[in-house]
J.: 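My questions all concern the structure below.
Both backbone and side-chain heavy atoms feed into the values below; hydrogens, waters and symmetry mates do not. As the structure is a prediction and not an experimental result, all values here were calculated from the model. A note on names: the letters A, B, ... follow the listed sequences, proteins ahead of strands, and every chain is numbered from 1.
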Amino acid sequence: MRLMKFSSFARCLRELESTASRKEMVGILAELLKRSSEEEVGKICYLCLGRLAPVYRSVEFNVAEKTMLKVLSFSFGVREDEVRSRYKKLGDLGSVAELLRGEYRGAGRGGDLEVAEVYNELLRIARDSGAGSQERKVHSLAALLRKLSPLGVRYCARIPLGQLRLGFSDVTLIEALAVMVGGGKEEVKFIRQKFNIRPDVGEIVRVIKLHGLEGLKEVGVEIGTPILPALAERMPTMEKIVEKLGEFAVEPKMDGIRLQIHLNKAVNGQPLVDSLESQRELFNEQGSKKESPGALVCIFSRRLDDVTDMFPDVVAAVQKLPVDSAIMDGEAIAYNPDTEEFLPFQETMKRKRKYNVAQKAAELPLKVFLFDLLFLNGKSLLETAFGERRRLLEKLVLDGNLLMAARHTKVNSARKLKKLFDLYISEGLEGVMCKRLDSPYQAGARNFNWVKYKRSAEGVGLPDTVDGLVMGYYAGRGQRAKFGVGAFLAGVFNPQKDRFETIAKVGTGLTDDQWREFSRRVGPLEVKAKPAEYCVAKELECDAWLRPGLVVEIDADEVTCSPVHTAARGLNIVRTGAENGAGLSLRFPRLVRFRDKLPEEATTVEEIMEMYRMQQT
DNA sequence: CGTGTCTGCCCC
DNA sequence: ATTCTGC
DNA sequence: GCAGAATGGGCAGACACG
């Protein structure tokens, strides 16, 4: 079979991009996969998904928007402001690149590259690092783009940005795999199950090409290969949760970092480290080999990043567990051993680091609340009912200090649920997780086996919504480009200083109609420069400024200290954990509605300060 | 050696 | 993370 | 109801530059 040309690949992507029906996309993708040979099909899968490797290999480009602007400018001899202004208008660097390539009259075309050649070059560029690497990346990417057709450039330029905007992702690609081998619903289900425990489409398609679906049967849960985490859905009321779930258990929802912990002790049986090490060598990674005596521990984040080296205290505690092998799911959160209080999310985040790990571990001790057991002593528990998995988890003999089992209470009424919810809220926690006791561990799925119910759902997250002044807005990307806006900057009023201070950028909560309405309402308010009474950090500079005129109602989960937002900055009131000069901002801001209010009737900095204080208790 | 800018399928 | 939209 | 694509605040890391 001949190797596929990148131009031909690009034409296929173009077809996919202009197709809305998922069924049709599956057909096109199945054809594409069928046409590609086994050596290149894995690479084609990764490229389709805007990547070079499966997520848990984390090949980082360190090239995104800003650098790609430089690449396009350099590649096609166009001034950077020109590229930037076209980007603002089109909202997509691929389209800009395609246009520039079409207009480019310099020498270029170096023949028609194969997909694999483009892939290899992108991988080489991604791996370049160290002094001077940014410049080399710009030059190499520019040279690569000049060798491609305009359509090829369109997609190649989007790959380092990590999004091809084709309207499909992993799941659709899996369906295409099933169709490729002439399968139906059953086969989709089968392949998806395998993908959930080996989240590497490239690998799965290679196995299928070589050995068919039969070959996939060999793929099982493996210590050292992350399982896609199960995710929770939300529901609006507790009554609906009880109605939907029947008999379930309630656990507290902690505001920390999700961890999937793998443990393998070479006690009896074969340790499964061989394949792990060989895969690492394949990707030429250095230094991540775990030299722990007698026990291999791997920790993965929610997005399957290997974060083992960031949590040596967790590794040490897990190594002591009296089991041969296990995979556990849990939440890590920093706490203060003196007050026994859990710390805010921002503090826990400081534990996610590469340097000064031991020092921060001492400053910010963790609790890890384990809430699920996916694998135990060589056997997968994914199909085991949650009630039974929980029973096995409780038998694990945790140290009770760093490793704890999450509190877990069986519930069958809204009354009991409410009681637990109130209890956990009073402890300063985020809310509750409700889990069906009879459900398997649904790796990779967000469904109603797990339902989260947060403080904010009660309208208790923020004491009140915020009425913010719209100070300016930002050009939209992708599908927001057509509205001319993708987000806006909101501020609150400081009557003492007679000025507006920023509290959040808002980019969600508006329907398409509301985005259009936004454009209409904002048109007459546009001014050339930032009004003098706006206090805005440099990094929040808007694409268009507005004079005071439009006020909107904003909801959020929380008021937090902010290093960039200026709201209530300098109000000399003690803020726990805040640096001097910190302002306040909103966590997870979203628009509720447009309001007919005067700018001076916007929420004031004192009111925001009061909301912040109320939260602390 | 600091400081500033950009990046991350980052974490949430 | 939240939210909206097309299928 | 699912899959996908818009978007948020805030943190540490990687480089570039002076």
Side-chain angles (χ1 to χ4, degrees), chain A residues 20-25 46 49-70 91 129-135 137 160-172 175 231 233-234 255-258 301-305 307 310 331-332 344-356 360 430 445-448 452 454 456 474 476-481 483 485-490 503-515 538-540 554-565 584-591:
Chain A
S21 150
R22 254 171 45 85
K23 261 190 180 164
E24 265 180 66
M25 285 195 277
Y46 297 137
L49 298 171
R51 297 201 290 261
L52 300 177
V55 277
Y56 57 92
R57 292 283 159 237
S58 94
V59 177
E60 288 182 352
F61 261 99
N62 273 306
V63 169
E65 213 171 63
K66 299 294 167 71
T67 310
M68 194 53 75
L69 286 173
K70 284 188 197 161
S129 67
S133 60
Q134 287 305 107
E135 196 180 349
K137 283 175 196 234
L161 308 180
Q163 47 180 188
L164 256 43
R165 287 201 257 250
L166 301 177
F168 71 90
S169 189
D170 293 339
V171 178
T172 307
E175 278 180 44
L231 303 173
E233 268 292 355
R234 285 171 304 175
D255 190 12
I257 298 177
R258 181 92 175 257
S301 70
R302 197 192 112 152
R303 304 304 300 216
L304 309 188
D305 230 15
V307 293
M310 300 169 191
E331 186 89 1
F345 175 71
Q346 283 106 315
E347 292 299 308
T348 303
M349 270 295 285
K350 292 177 182 168
R351 285 295 307 269
K352 196 182 171 293
R353 55 170 54 239
K354 187 171 170 184
Y355 305 107
N356 295 111
K360 270 285 179 273
E430 225 189 350
R446 186 188 292 282
N447 60 32
F448 291 92
K452 63 180 160 187
K454 300 215 293 184
S456 46
Y474 306 90
R477 293 182 282 256
Q479 302 200 274
R480 294 271 172 89
F483 304 127
V485 48
F488 60 84
L489 183 63
I503 184 134
K505 270 164 77 179
V506 180
T508 191
L510 290 84
T511 63
D512 285 5
D513 275 344
Q514 283 177 308
W515 283 113
K538 187 163 76 244
E539 50 267 66
L540 292 170
I554 302 164
D555 195 9
D557 274 20
E558 215 179 352
V559 178
T560 55
C561 284
S562 170
V564 290
H565 285 284
L584 295 175
S585 65
L586 301 178
R587 190 182 191 193
F588 309 140
R590 56 261 188 187
L591 179 119

J.: With hydrogens left out and only the distance checked, is there a donor-acceptor pair under 3.5 Å joining A/Thr508's side chain and the base of D/dT7?
T.: no
J.: Could you check how far CZ of A/Arg480 sits from C1' of D/dT7, rounded to whole Å?
T.: 6 Å
J.: Whole-Å distance between D/dT7 P and A/Asp512 CG?
T.: 12 Å
J.: Rounded to whole angstroms, how far apart are CG on A/Asn356 and C1' on D/dG13?
T.: 12 Å
J.: Does a distance-only test, which skips hydrogens and angles, find a donor-acceptor pair under 3.5 Å between the side chain of A/Arg303 and the base of B/dC10?
T.: no
J.: Check the distance between D/dA6's P and A/Arg165's CZ and give it to me in whole angstrom.
T.: 5 Å
J.: Heavy atoms only, 4.0 Å cut-off, all strands: where does A/Gly162 land among base, sugar-phosphate and nothing?
T.: nothing
J.: Between A/Lys70 (NZ) and B/dT7 (C1'), how many Å, whole number?
T.: 12 Å
J.: Whole-Å distance between B/dT7 C1' and A/Asn62 CG?
T.: 6 Å
J.: Measure the acute angle between the ring planes of A/Phe483 and A/Trp515, then classify it against the limits of 30° and 60° as parallel, tilted or perpendicular.
T.: parallel
J.: Identify whether any heavy atom of A/Leu166 sits under 4.0 Å from a base atom; if not, whether one sits that close to sugar-phosphate; answer base, sugar-phosphate or nothing.
T.: sugar-phosphate
J.: Report, as yes or no, whether the 6.0 Å neighbourhood of atom CD on A/Glu135 holds more than 12 heavy atoms from other residues, nucleotides or ligands.
T.: no
J.: Is the base of B/dC9 syn or anti, if syn means a glycosidic angle within 90° of 0?
T.: syn
J.: Checking A/Arg258 against A/Ser301: is there a side-chain donor and acceptor pair closer than 3.5 Å?
T.: no
J.: Please report the distance separating the C1' of B/dC12 from the corresponding atom of D/dG1, rounded so that it comes out in whole Å.
T.: 24 Å
J.: Does any nucleotide pair with D/dC11 by Watson-Crick or G-U wobble geometry, both distances under 3.5 Å, and what is it?
T.: B/dG8
J.: Nearest to the side chain of A/Lys454, which nucleotide is it out of C/dC7, C/dA1, D/dG4?
T.: C/dA1
J.: Donor-acceptor pair, distance only, cut-off 3.5 Å: does the side chain of A/Glu233 make one with the backbone of A/Phe448?
T.: no
J.: Rounded to the Å, how far apart are A/Met25 CE and C/dG6 P?
T.: 13 Å
